[in-house]
Every structure is written in C-alpha cells, then in structure tokens.
There are 2 protein chains.
Amino acid sequence: MSDSGARMSPRFKQWTAESHVSVSIKGKEPARQPSRKRQRVPSAASLNRRLRNSERKRAVILEAALATFSKYGLHGASIEQIALQADVSKTNLFYYFNNKEELYVSVLRSLLDLWLKPLRSFTEDQDPVEAIRDYLRVKLEFSRDHPEESRLFCMEVMQGAPLILTELQQPLHDLVENKIAVIQAWIDQGKLTAIEPYHLIFSLWATTQHYADFRVQVEAVAGKTLDDPDFFQETLSSLETIILNGVTPRPIG
Amino acid sequence: MSDSGARMSPRFKQWTAESHVSVSIKGKEPARQPSRKRQRVPSAASLNRRLRNSERKRAVILEAALATFSKYGLHGASIEQIALQADVSKTNLFYYFNNKEELYVSVLRSLLDLWLKPLRSFTEDQDPVEAIRDYLRVKLEFSRDHPEESRLFCMEVMQGAPLILTELQQPLHDLVENKIAVIQAWIDQGKLTAIEPYHLIFSLWATTQHYADFRVQVEAVAGKTLDDPDFFQETLSSLETIILNGVTPRPIG
DNA sequence: AAATTTTCAGACCGTTTGGTCTGCTTTAGA
DNA sequence: TCTAAAGCAGACCAAACGGTCTGAAAATTT
C-alpha cells in the first residue's frame, strides 16, 4: 500500500477545487503539498486555459457517465464503457475521478439542483392553479429534455439513495417541508381542496416523472414522443385536467 | 467447449417443465433424450413428492432472488448473495436455474400476472368511479404488500425492459389497448371528463406505483408507513380526491 | 532551452463473479 | 439389495472489472 494515493496533480487541484464542500470522498487525497520555496506561480491566463480545458474534459466525462449510468445503473455500467463513450482512456478518466463511486456521485450531485428546481418555484403568494400549472409544465419539460437525469435519480432514490443520502436528505426534506407549508396555506385560504399536502406533491411528482422514467413504455402505448409538441401539449393538458380539477374546490361543492 | 450444457437432470426436466412457453433461453439445454428402452417410469406419488420439493426449492430461490434483485438490481446482485439468502449453495442454485439471466427473467415472469392484475379488473359495464376507486385500492395494496416486486418491475421497465420485452410487450399492449377502449366508452357515455384515456391510465399507474418505488422517501416525508392502516386510508382518499374529481364530469361544467 | 509540472496511455494486477467439473450422497424404481 | 438418476457441495476456472504503476508526451514556467 503506497502513500501516494491518486496521482492527480496536487498543486493544480488547489486551484480547480470546486465550490462543493468536499472533493475527496474519504480523505485519500495525495495531500503532498508542494514545497513552498521556489514556487511556480502560473500566469492567470494559462491557468484559466488549463482550468477551462480541465473542466471541459470533466464535463465530457460526466456526460458520458450520466448516459451510461442511467442506462445500466451503477453496477451495470463499466468504467471502460464510460471512458469509451467519453472518448478518453480509462487511465485518463481515473485521472479526473478517483474511483467509480466518486464519478457516480459527481454525476448525481451535478444534477441535484436541476432536479429540485421545479418544486422550488412554489411560493405562497402565487395563485395555486398557476403554480401547479407551472410546475407541471416545467417538470414535464424536464422529463422531455432530461430523461436520463430523471431515470438516474429515480433509480438511486428507489434504492434508498445509499450514496447521496447525506447530501439529498436535508435539502429535500427542507424543500418538501417548505412546500407543504405553502400548500397548507393555500388550503387554509380556501384556494385548494383540503387534502394532505404531501400527497399532492407526490402526485405531481409521480405523474410528471412517469413520462421520463417510462418513456419507452409511454411511447409504445401512445405511439408518440414528448418531443412531439402536440403530444407534449396534450400530455400537459391531460395532467392539468386530472390533477387541477381534483384539487381545485368546486364552486358548487 | 463441451456439448454437455447444464447438468440438470434431463429426464426430470421434462416432467417439471412449466407451462411457460419456453424454458430455455437460447437453446443451450442438454436436449440429450434418455434412451427409450428400459425406461424407468416413476410412480405418480413419488413424482409428485419430488415435484413438490423441487417447486418449493425453486420458490425459495425465486423469493431470495426477488429480494436481492430488487435491492441491488440485476448487475448489483450477485448469485452468491442470492444463494446465501436462499440458504442453498451456489451450485445448487445453478442446478435449478441455468444462469443468472434466466433466474432474473424467471422472477420477472412469475410477477407479470400479479403486476398486470389490477388493471385487468376494468370493465365497461362497471361504474367508472367505482372501477377507478377499486383500481387505486388494489394497486395501492400491491404497493404496500409487494414493494419489492414493484421496484423490480419499475427498474426493468425503466431500462426499456430489455430482458422481458418480448414477453411483456404483447400482453401489456393488448391490455392497455383494451382498457383505453373501456375508458373511451365511459367518456362517450358522458361518465368521464373527456381526456386521452392513456393519460388517465398513466396517472393511475404512476401515483400508486410511487408509494412502492419511493417508499423510503415517502416514509421520510410523511413520517408514516403504508402499513399503518390510517396512513393507507389517508393516501387512498387523497388519491381518490385528486384523480377522481379530476376525471368526473361536474354537474355544472 | 532547460526544468518542472500536468496530462495521458499501455501494460499490468488483484479481486470479484458468473459459471463449470468432479464426485459424493440421497432417493427411488426393479 | 442393486442400480440409475436426482440432488448437491467444494474446488476450480476464465473473463471482466476496478484500479495502479511506469513512463513518456505536452504544456508551462524560468
């Protein structure tokens, strides 16, 4: 067992270190600080160029990883497959990500915000009907434009999100709690039928997600793709009809 | 490369061969027919005993496989894990199932009917409100009582059902087509709001399935389990409210 | 141009894992 | 009781795979 750890350029890493809380997963980073005397200070320009290149390559790898993981799952996808798809060597991939799990988690993490975004837009001062309409549209767009992301997240959460639990748990919990309060306020104001708010959230979530996760099945049954604007609109309208009329209090009762 | 193939008792297999169309996945079955002269004909009694034992063991293995596959996926689960959980040796497992994929497909196949069952109950002569209520209840019960089955199927279908496509496609297609007709009839009779029937099917499907697939998340958010009868009822009522009132035409319009 | 650091590829390694081979034990028909 | 098949376990194998080591080409600094 050598103490060298990953061989990734230790100095450079200081500069590229992303804003995420921790880059290293279990502290196996090289840690070997460059001796301070006679230090090289790269020019800002070259540094930027490097950083851009590096980031670009990371992005390419992440993209390939997303595609492959979402298709075959964490265990079903092999590093070589991903490297091949990203058009880099396996070694090169390991140069940017210390191990498979880190790569996987990186993909997930890079998606988290995007994934939670639609729900964030709910605010109490909105008209609930409009808010729900917006949510359905945005989420359905997400299902259309990012089915891989949807599926990957779905698979992970289905298994109890073993790898990003710590990072997902808190924000998700807070967000849901917040939105439950918003919905409850709407209900209290008589703007929505009285139901348990989280069931509404689940329903919104589930129905829209369905069109990404079961895309092939939907396409097989309906004979159309979400990419078809007409079908997209039809889907959206249907969901609005089903859900909105359900939670909208009727004038008559 | 030997031509012996799997070593599973060739004669016995003839008797145990299940009613499913094909047992062999890619014709690598031993096929070596026992010579007909001096044939042993086991008594019906002993045969039955054997068959029962055999079936029981198969069932035990299938159950363990279901649990493990649903937790870790096809690739994430190892045969040894499954064997361990079923309390049989790996060799013994391979005695009953020729390979991992066959085991996996067997699990899936044994679930197919159960899985499609709730939707089958839709018939045109029913009252749609009652039919949908029933569906929601039965499917939610399934989510409560068989979350593993739900998840396994979900994962498989999400990936395009690569392994059971041929077996799933046709029955699913027929079933959905049939139910679309039923729903359309209801709509034509003015018993339901006019929507594209398959969107209703998807919504029913998605919302109920959600409580199985995202069980941990649901429990985290709601703080309760479907096993809690109160929560089950609450969930059911909420879904009824959301969906039924959406598809039920209003007296006033 | 020299020196140093970053980037990257090919060969290699240890482990895991699906699957097999050999042969022993049990069951049950004759 | 003898024999043949069914049932089963331990050792074993080959391939796949995650990951490392060596070292060399680019890039950058001095």
Side-chain angles (χ1 to χ4, degrees), chain A residues 1-16 28 30 32 34-35 38-51 53-54 56-58 61 74-84 86-104, chain B residues 1-16 28 32 34-35 38-51 53-54 56-58 61 74-84 87-104:
Chain A
M1 191 185 295
S2 74
D3 63 345
S4 66
R7 215 169 166 232
M8 180 180 310
S9 52
R11 173 106 60 85
F12 186 51
K13 255 208 165 166
Q14 289 183 86
W15 305 84
T16 56
K28 86 181 269 259
R32 140 172 80 92
S35 70
R38 288 215 58 71
Q39 177 179 356
R40 289 278 167 71
V41 178
S43 77
S46 82
L47 200 80
N48 271 333
R49 198 164 55 242
R50 274 232 164 126
L51 198 142
N53 280 342
S54 169
R56 190 165 45 216
K57 202 150 202 175
R58 275 182 75 95
I61 295 173
L74 168 58
H75 301 286
S78 78
I79 289 287
E80 260 190 61
Q81 231 177 326
I82 296 171
L84 205 71
D87 201 38
V88 301
S89 71
K90 198 171 69 163
T91 318
N92 199 3
L93 189 154
F94 275 118
Y95 176 75
Y96 287 95
F97 299 90
N98 284 317
N99 52 52
K100 194 183 188 181
E101 200 175 296
E102 183 183 319
L103 173 59
Y104 182 73
Chain B
M1 193 184 294
S2 74
D3 63 347
S4 66
R7 216 172 164 228
M8 180 179 313
S9 51
R11 174 103 60 84
F12 186 52
K13 254 208 166 167
Q14 289 183 87
W15 305 85
T16 56
K28 87 179 267 258
R32 139 172 79 92
S35 69
R38 286 216 58 70
Q39 177 178 358
R40 289 277 169 74
V41 177
S43 78
S46 82
L47 200 78
N48 271 334
R49 198 164 54 242
R50 274 233 164 129
L51 199 143
N53 280 342
S54 169
R56 189 164 46 216
K57 200 149 203 174
R58 276 182 73 95
I61 295 174
L74 168 57
H75 301 285
S78 79
I79 290 286
E80 259 190 61
Q81 231 179 327
I82 296 171
L84 205 71
D87 201 38
V88 301
S89 71
K90 199 171 69 162
T91 317
N92 198 5
L93 188 154
F94 276 117
Y95 178 75
Y96 287 95
F97 299 90
N98 284 316
N99 54 52
K100 193 183 189 181
E101 199 176 297
E102 184 184 318
L103 173 59
Y104 182 73

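Letters go in sequence order (proteins before strands), and every chain restarts at 1. Just so we're clear, the structure is a prediction, and the values are computed from it rather than from any experiment.
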query: Quick one: is A:Tyr95 getting a side-chain N or O under 4.0 Å of the C:dA9 phosphate, OP1 or OP2?
result: no
- prompt: Starting at CD of A:Glu102 and ending at C1' of D:dG19, how long is that distance when rounded to a whole Å?
  reply: 13 Å
task: Kindly write out the residues that satisfy side-chain contact (heavy atoms from CB on, under 4.5 Å) with A:Ala86, not counting sequence neighbours, or none if the list is empty.
output: A:Val60, A:Ile61, A:Ala64, A:Val88
Interatomic spacing from CZ in B:Phe94 to CD in B:Glu102 - rounded to 0.5 Å: 10.5 Å
- line: Rounded to whole Å, CG of A:Leu93 lies from C1' of D:dT20 at a distance of 14 Å
task: Would you give the length of the straight line joining atom CD1 of A:Ile79 to atom CG of A:Leu84, rounded to the nearest 0.5 angstrom?
output: 12.5 Å
message: Nearest whole Å is fine: how far is D:dA27 C1' from A:Lys57 NZ?
response: 13 Å
- prompt: Which residues pass the side-chain contact (heavy atoms from CB on, under 4.5 Å) test with A:Thr91, sequence neighbours left out?
  reply: A:Ser89
field: Inter-residue atom distance B:Lys57.NZ - B:Tyr96.OH, 0.5 Å rounding
entry: 5.0 Å
- prompt: Atom CZ of A:Arg56 and atom P of C:dT6: how far apart are they, to the nearest Å?
  reply: 19 Å
query: Is a donor-acceptor contact shorter than 3.5 angstrom present between the side chain of B:Thr91 and the base of D:dG10?
result: yes
task: Provide, to the nearest angstrom, the distance between the CD1 atom belonging to A:Ile82 and the C1' atom belonging to D:dG19.
output: 14 Å
query: Quick one: is D:dC8 close enough that its OP1 or OP2 comes under 4.0 Å of any side-chain N or O from B:Tyr96?
result: yes
message: So, does B:Asn92 get its side chain near the phosphate of D:dA9, meaning an N or O under 4.0 Å from OP1 or OP2?
response: yes
message: Using 0.5 Å steps for rounding, measure from the NE2 atom of B:His75 to the CG atom of A:Leu74.
response: 11.0 Å
Collect all protein-nucleotide pairs involving nucleotides 13-18 of chain D in which both atoms are nitrogen or oxygen and the distance is under 3.5 Å.
unit_1	atom_1	unit_2	atom_2	d
D:dG18	OP1	A:Lys100	NZ	2.8
D:dG18	OP2	A:Ile79	N	3.0
D:dG18	N7	A:Lys90	NZ	3.3

- line: Nearest heavy-atom contact between A:Ala77 and A:Lys100 is O-NZ, 2.8 Å
query: To the nearest angstrom, how far is B:Leu103 atom CG from C:dT17 atom P?
result: 16 Å
query: Just how far, in rounded Å, is P of D:dA9 from CD1 of B:Ile61?
result: 10 Å
